[in-house]
Structure formats: structure tokens, C-alpha cells
> 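Okay, handing you the structure first.
Only heavy atoms go into these numbers, but all of them, side chains included; no hydrogens, no water, no symmetry mates.
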Amino acid sequence: MEARWRSSAKPVQAPKTTKTVSFEEVSGKASSSEALPLSLHLTNAVFFSLFFSVVYFLLSRWREKIRTSTPLHLVNLSEIVAIFAFIASFVYLLGFFGIDFVHSLILRPSTDLWNSEDEEENEALLRKEDARKIPCDQALDCSVTSAPIISAQKVVDEKPVKLTTEEDEEIIKAIVAGTTPSYSLESKLGDCKRAASIRREALGRITGKSLSGLPLDGFDYESILGQCCEMPIGYVQIPVGIAGPLLLNGKEYSVPMATTEGCLVASTNRGCKAIHLSGGASSVLLKDGMTRAPVVRFGTAKRAVDLKFYLEDPENFETLAVVFNRSSRFARLQGIKCVIAGKNLYLRFTCSTGDAMGMNMVSKGVQNVLDFLQTDFPDMDVIGISGNLCSDKKPAAVNWIEGRGKSVVCEAIINGDVVRKVLKTSVESLVELNMLKNLTGSAMAGALGGFNAHASNIVSAVYIATGQDPAQNIESSHCITMMEAVNEGNDLHISVTMPSIEVGTVGGGTQLASQSACLNLLGVKGASQESPGANSRRLATIVAGAVLAGELSLMSALAAGQLVKTQMKYNRSSKDVSKTS
């Protein structure tokens, strides 16, 4: 059944009753190939072959131009012919497969405009649905409205009109039956919230499990489309607490922490209080550079060593930096470290990335350099853009030693009176416990970057609250906590050294409303206009400062023997979970 656009030149009067259009009719395609004199299969074969042939030809030509530094806009006769052939074949294939899909992506029209020409079939479908109506789930909007038919131009400027209950039911049944893919709902319906509710209902019927506790309303599903999450059915609520004020480098910060672990925010808050009463903490940024390490292979180990020497030659660095930096106005190549494994070569690129965390940015720069190197090393086989020497989302000694992202050290001197009155312990007890637990105990456990009490607790909570990648908590929590008695043993010097804090204030989850609000609370929302990268660097120092507070408080609780008592008081629920629905 074909579905066609009503012409905007002739407005159509609103029907008296709302007609039901099945999901199969919504996804119908208008085929322009029916008017061709040739056989349909033969015509398709010709245009498919033409399309992919010219694409391959043009890509080969442009790749060659990039190698030889020839401007792409200079084309010869054969390239002009190939471009025209590409356009012609693309137009044919677009017409053959129908324009409804393109309209759904570009115009996102109301699905009420997709009307069937077969009136008898629609009437039969209405009668069928009236005979066996099924109540909607509470997550779905069951209101039935009779919206007037409007022109296609007007659809672009207005919000999509909601489908009727019968149409919801038809789509849900198609998903349950497996005839309609769930991932296509957003593009076909043009309404992300509606797609989520329909997908949610279909999932409930397929699994037979209730999703009543998972909220659906109150979230902007448009904001995550194509960038944060696919096939959403709702969102998880995580409470956000505030620790602070944290006095760091002479400025106070209220640190947002998203967590479901009782005592964590309270404990970190106590550490902030002890630091504040002692005059505050100070932090220093040691390094700032995101890494990406592709792996390439040669026919012999000698050829791999030749590339290693070429990349590590200072005379070649400037040329490579120009090629790399073309990927972004913020990306600046800092260095390349090479590691040989037989005839395989790992290239660890390090670059600054402004206020972005920078994984995509550095990957694009690496790809530019690899394409450039193919000219002088045509026998180089790129196995993967990431060879795990980076090393992302995995505990690795290279991050612990060389650093990744922001490397920060944060310190404070805690007054002896504050240790006794606020932290309820002594300087001597803290120093001894830190040596036996965080240093000796971690060494006995074979820890990799884990010479601390619970740095990952604070890092994870701040990351979730501010829209960072929670998986990067693994290397970002690399931390060594040091404690020492100073001022003739009266006061405590405490420090945390964190070599690989990976944070950004633009991109990814930082743009979502809740996470953006938490960044704004810290004064690091978005990109810094005065100094690119300043906001992300400040966020890294705040993370280290919060870790310092968390380490100080937990170690004090352990030294005073208060941990179990506190956990039983603040981290235990009296609610009978077995009686909750």
C-alpha cells in the first residue's frame, strides 16, 4: 500500500473521524522505478553496479590526492563523469527505495499525514480494533484526538501530532511479532518520547515483566537521540548530594555527587570541613594530554623499526603535528611514543584536547597521520585504530606511569586540633594506618594504581553527576594517598597523586540538563572562552580535591574504629524490600 504526501498547495478539510493507519502502511515506499522500460531487476543491477563503481573510483582518486597533497577541487574529465554518474545513480536508488524514509529523517512529519488510499481496508481495520480493544499501559498517552489534516510545509514548523490508541496498538503488535525493528521507531514516528513509550510497552509484553518503577515522563528524549543512548525506555533516578564547601586553591566549591551508597556524601563532607578549618587544600596540574595508540603491522620487524625511528626523529615531528592538528582547532599533538612487538608497532599519540575529554578528537588526528604515513610506508597494514596501549577503560601500568588525561597532585596540612575534634582520631594513628593499609597492604595485594582507601567512590559519584564517562573511572581512580606528620608531629600532611583523570566539560553527557546543572554549580559548564581547556583542567583539580577529602574522612573513621558503627547507622535501610512491588 503506498503512502503519499498531501500537497501543501491544496489544503484538505479535516475528516469527521480519525482514521487508523497501520504501521505497515506508515512504512510503505513509493517506487519510481515502475515507469522504467527495462526489467526491474536488470535496472536495479545496472544502477547498483554504477553507484558502487563510481564511489570506489572517486574514493581511490581522492585518497591518492591526499597522499600527493593535491587539492581535491581539481578534477579531470574522468572524475567529472564519475561525479555525474554518482549523482544519477544516487537519485535513482533514492527514488526506487522511496522518499518516505528521507522525509521522516529531515522533515519529521506528523504520522497523521501518512494516509492510505484504500478506504475499505482502513474501515475493516477500525472494526477489527473496536471488537478487541486493549487498555493502554499507564506509560502510554491514551488520549484520542481528532487532528485536522495540514499541509506538509506546516508539519515542519509544528510538533508531531500524537497517534491514536489504535495506531499505538498496531505498532506494538508489529514489534512483538518481530516484523518491525524497535530501533527504527524514532526515525519513523518523528517523536522520541512516543517512540520510547511504545518500545517500553512492547518490551513489557515480550518479557512479561513490569516496568512500573522505571520513570518515563519528565525527560527530554530528543537530547539523547544519536549521541547518548539508543532505544530508550525510560531513565534511572540517582540521587545527587552535595559535599562541601571544598576550599581548594583559595576558592570554595560545592561538589555534586550522584550515588546510592549511604555515608559516602556525608563522609566526604566531613573531609571537606576538616580541610576548610585547616586553611584549605592546593592542587597542581602536572600534565594534560589524551592518548590513542593504534597498532600497525609490517612484513618484517625491520620495517616496523624503520617507522619507529621515523616517528621518533625530532625533525619529522613538526610535519606530523601539522597533519595531526588539522583534525580540530583544539587538538595539538604533544608526542608519539612507539613500542615494538615483533613486526607489530604500537604508536601512542598524546595531544591536548581543549575542554573536551577528547577521545574522538585524538582518534581523528591519529587517522590523519596514518593516512599521511601510507605514502612513505605503503606496506604498513593498520590493524586497528586502538591497540590497547592507550589504554582506555582498563587498568594499565602505562596510565599509572605515563599518565592519561589530566595528571593532578592535591595536598593539604590538617591542623592537629581538627584531627582530634572533627576527625576523632590522632595524627600518629592516621600515618600508621596509611602506611600499613594504603601502601603495604596494596603492595601485598599487587594493586595497580590502587594505593588508596576508596578514590573510585568519589570519582564515580562526581563523574555520574557531571556527565563524564563512568567507565573511565577505572583509570581515573588511579591514586596514591600519602600521609606524614609535620610541624614536630602536631599536624598531618596528606596528599593524593592522580596521574590519569579523564574529564571534559563539553560533549557527551555533559550537555544533558541535569549534568549541565551540576557543572554550572562548579563554575565549569561548557568551554572556557578565555582559555580553551581551563574548565576541564579545573574540573580535574576539583575531582582530586574531593578525593582528598574522601580519603581523609574514611581513613579517620578506620583509625578511630568508627566505620562499622557509621555504616550500620547511615547505610542500612529499615524498609522491607520483600513487601515492595
> Checking side chain to side chain donor-acceptor pair (under 3.5 Å) for the pair Asn438/Ser442: CA distance, chi angles, key distance, verdict?
CA-CA 6 Å; Asn438 288 342; Ser442 296; 5.3 Å; no
> Can you see which heavy atom on Lys406 is nearest to which on Val503, and at what distance?
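That would be NZ-O, 3.7 Å.
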> Going by side-chain hydrogen bond (donor to acceptor under 3.5 Å, both in side chains), name the residues that satisfy it together with Arg303, two or more places apart in sequence or in a different chain.
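Arg303 satisfies side-chain hydrogen bond (donor to acceptor under 3.5 Å, both in side chains) with Asp379 once adjacent residues are dropped.
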> About how many Å separate CG of Asp191 and CG of Leu185, when rounded to the nearest 0.5 Å?
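Rounded to the nearest 0.5 Å, the CG-CG separation comes to 11.0 Å.
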> Between Pro499 and His478, which heavy-atom pair has the shortest distance, and what is it?
CD-O, 3.5 Å
> For the residue pair Phe298 and Phe377, categorise the inter-ring angle as parallel (less than 30°), tilted (30 to 60°) or perpendicular (more than 60°).
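Perpendicular, since the angle between the ring planes exceeds 60°.
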> Between Cys390 and Arg348, which heavy-atom pair has the shortest distance, and what is it?
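Closest approach of Cys390 to Arg348, heavy atoms only: O-NH2, 2.6 Å.
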> Would a 4.5 Å heavy-atom cut-off, applied to side chains only, mark Ile501 and Ser407 as touching?
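The answer is no; the side chains never approach within 4.5 Å.
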> For the residue pair Phe324 and Leu320, establish whether any side-chain heavy-atom pair is separated by less than 4.5 Å.
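Heavy-atom side-chain distance check fails, nothing below 4.5 Å.
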> Mind telling me whether Phe219 and Tyr235 have parallel, tilted or perpendicular rings, with 30° and 60° as the class edges?
parallel
> Output the distance between atom CG (Asp313) and atom CD1 (Ile336), rounded to the nearest 0.5 Å.
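Here the rounded value is 11.5 Å.
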> Apply salt bridge (charged side-chain N to carboxylate O under 4.0 Å, His left out) to Lys337 and Glu312, showing your working.
CA-CA 7 Å; Lys337 183 175 182 180; Glu312 294 178 346; over 6 Å; no
> Asp469 vs Lys393, test: salt bridge (charged side-chain N to carboxylate O under 4.0 Å, His left out). Steps then yes/no.
CA-CA 9 Å; Asp469 188 342; Lys393 301 180 178 72; 3.1 Å; yes
> Could you tell me which non-hydrogen atom of Gln515 sits nearest to which non-hydrogen atom of Thr466, and how far apart they are?
CB-C, 3.8 Å
> Quick check against the 3.5 Å criterion: does Asn535 have a side-chain atom that pairs as donor or acceptor with the backbone of Gly526?
yes
> Would you confirm whether Ser89, through its side chain, and Phe86, through its main-chain N or O, come within 3.5 Å as a donor-acceptor pair?
yes
> Would you say the side chain of Thr541 lies within less than 4.5 Å of the side chain of Cys410, judging by non-hydrogen atoms?
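Counting from C-beta outward, Cys410 and Thr541 never come under 4.5 Å.
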> Under a 3.5 Å distance rule, please check whether Tyr463 uses its side chain to pair with a backbone N or O of Glu502 as donor and acceptor.
yes
> Does some side-chain heavy atom of Met482 sit less than 4.5 Å from a side-chain heavy atom of His493?
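No, their side chains stay 4.5 Å or more apart.
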> Got a sec: does the CD of Glu64 have more than 12 other heavy atoms crowding it under 6.0 Å?
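Check passes, neighbour count above 12.
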> Does any N or O in the side chain of Arg200 come within less than 3.5 Å of the main-chain N or O of Leu214, such that one atom is a donor and the other an acceptor?
yes
> Going by atom types only, do Ser352 and Arg332 share a side-chain donor-acceptor pair under 3.5 Å?
no
> Quick one: does any side-chain atom of Asn399 pair with a main-chain N or O of Glu475 as donor and acceptor, under 3.5 Å?
no
> Roughly how far, to the nearest 0.5 Å, is CD of Glu551 from CD1 of Ile458?
6.5 Å
> Side chains of Leu347 and Leu370: closer than 4.5 Å at any heavy-atom pair?
yes
> Checking side-chain contact (heavy atoms from CB on, under 4.5 Å) against Leu345, which of Val339, Ile383, Val305, Leu307 comes through?
Leu307
> Would Glu186 and Arg199 satisfy salt bridge (charged side-chain N to carboxylate O under 4.0 Å, His left out), going step by step from the backbone distance to the final call?
CA-CA 10 Å; Glu186 280 79 5; Arg199 180 182 297 112; 2.7 Å; yes
> Would you check, one step at a time, whether the test side chain to side chain contact (heavy atoms under 4.5 Å, CB included) holds for Ser283 with Leu248?
CA-CA 7 Å; Ser283 62; Leu248 180 66; 3.8 Å; yes
> Does Ser536 use its side chain to pair, donor to acceptor, with the backbone of Gly533 at less than 3.5 Å?
yes
> Atom NZ in Lys394, atom CD in Gln472: separation rounded to 0.5 Å?
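Here the interatomic distance stands at 10.0 Å.
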> Given Ser528 and Asp355, is the side chain to side chain donor-acceptor pair (under 3.5 Å) satisfied, shown in steps?
CA-CA 7 Å; Ser528 172; Asp355 281 306; 4.9 Å; no
> Would you say the side chains of Asn473 and Ser460 form a donor-acceptor pair under 3.5 Å?
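Asn473 vs Ser460: donor-acceptor pair found between side chains.
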> Decide yes or no for Phe349 and Pro294: does some side-chain heavy atom of the first lie under 4.5 Å from some side-chain heavy atom of the second?
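Yes; the side chains approach each other to less than 4.5 Å.
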> Any side-chain heavy-atom pair from Ser531 and Arg537 closer than 4.5 angstrom?
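In short, these two side chains touch, coming nearer than 4.5 Å.
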> Please determine whether side chain to side chain donor-acceptor pair (under 3.5 Å) holds for the pair Thr350 and Gln334, giving the CA-CA distance in whole Å, both sets of side-chain angles, and the decisive distance to 0.1 Å.
CA-CA 5 Å; Thr350 306; Gln334 297 175 349; 5.5 Å; no
> Is a side-chain donor or acceptor of Thr440 paired with a backbone partner of Met435 at a separation under 3.5 angstrom?
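It does hold such a pair.
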> Indicate yes or no for a side-chain donor-acceptor contact from Arg404 to the backbone of Thr291 under 3.5 Å, with no hydrogens or angles considered.
yes
> Indicate yes or no: at least one non-hydrogen side-chain atom of Leu519 is less than 4.5 angstrom from one of Leu539.
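They are in contact (side-chain heavy atoms under 4.5 Å apart), so the answer is yes.
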> Work out which heavy atom in Ala455 is nearest to a heavy atom in Val547; give both atom names and the distance.
CB-CG1, 3.8 Å
> Using the side chain to side chain contact (heavy atoms under 4.5 Å, CB included) rule, take Leu59 and Arg63 through it: C-alpha gap first, then chi angles, then the decisive distance, then the call.
CA-CA 6 Å; Leu59 289 177; Arg63 182 177 181 181; over 6 Å; no
> Backbone N or O of Leu333 within a donor-acceptor pair of the Asn325 side chain at under 3.5 Å?
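Answer holds: yes.
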> When you look at Val408 and Val543, which way does the side chain to side chain contact (heavy atoms under 4.5 Å, CB included) test go after all the steps?
CA-CA 9 Å; Val408 181; Val543 171; over 6 Å; no
> Can you measure from CD1 (Ile198) to NZ (Lys193) and round to the nearest 0.5 angstrom?
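So the CD1 of Ile198 and the NZ of Lys193 are separated by 11.5 Å.
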> Using the test side-chain contact (heavy atoms from CB on, under 4.5 Å), find all partners of Glu79 that sit at least two apart in sequence or belong to another chain.
Phe57, Arg61, Lys65, Val75, Asn76
> Please determine whether side chain to side chain contact (heavy atoms under 4.5 Å, CB included) holds for the pair Tyr346 and Lys308, giving the CA-CA distance in whole Å, both sets of side-chain angles, and the decisive distance to 0.1 Å.
CA-CA 9 Å; Tyr346 297 81; Lys308 172 180 165 60; over 6 Å; no
> Given 3.5 Å as the limit, does a donor-acceptor pair link the side chain of Asn316 with the main chain of Tyr310, or not?
yes
> Taking everything shown except Asn360 itself, do over 12 heavy atoms lie less than 6.0 Å from its CG?
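No, not enclosed.
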> Where is the tightest heavy-atom contact between Ser456 and Ser477, given as atom of each residue plus distance?
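Result for this residue pair: CA-OG, 3.1 Å.
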> So how far is it from Asn434 CG to Thr481 OG1, rounded to the nearest 0.5 Å?
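Going from CG on Asn434 over to OG1 on Thr481, the span is 6.5 Å.
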> Start with the C-alpha distance between Arg297 and Asp381, add both sets of side-chain angles, then the distance that settles salt bridge (charged side-chain N to carboxylate O under 4.0 Å, His left out), and finish with yes or no.
CA-CA 5 Å; Arg297 176 185 294 166; Asp381 184 14; 5.3 Å; no
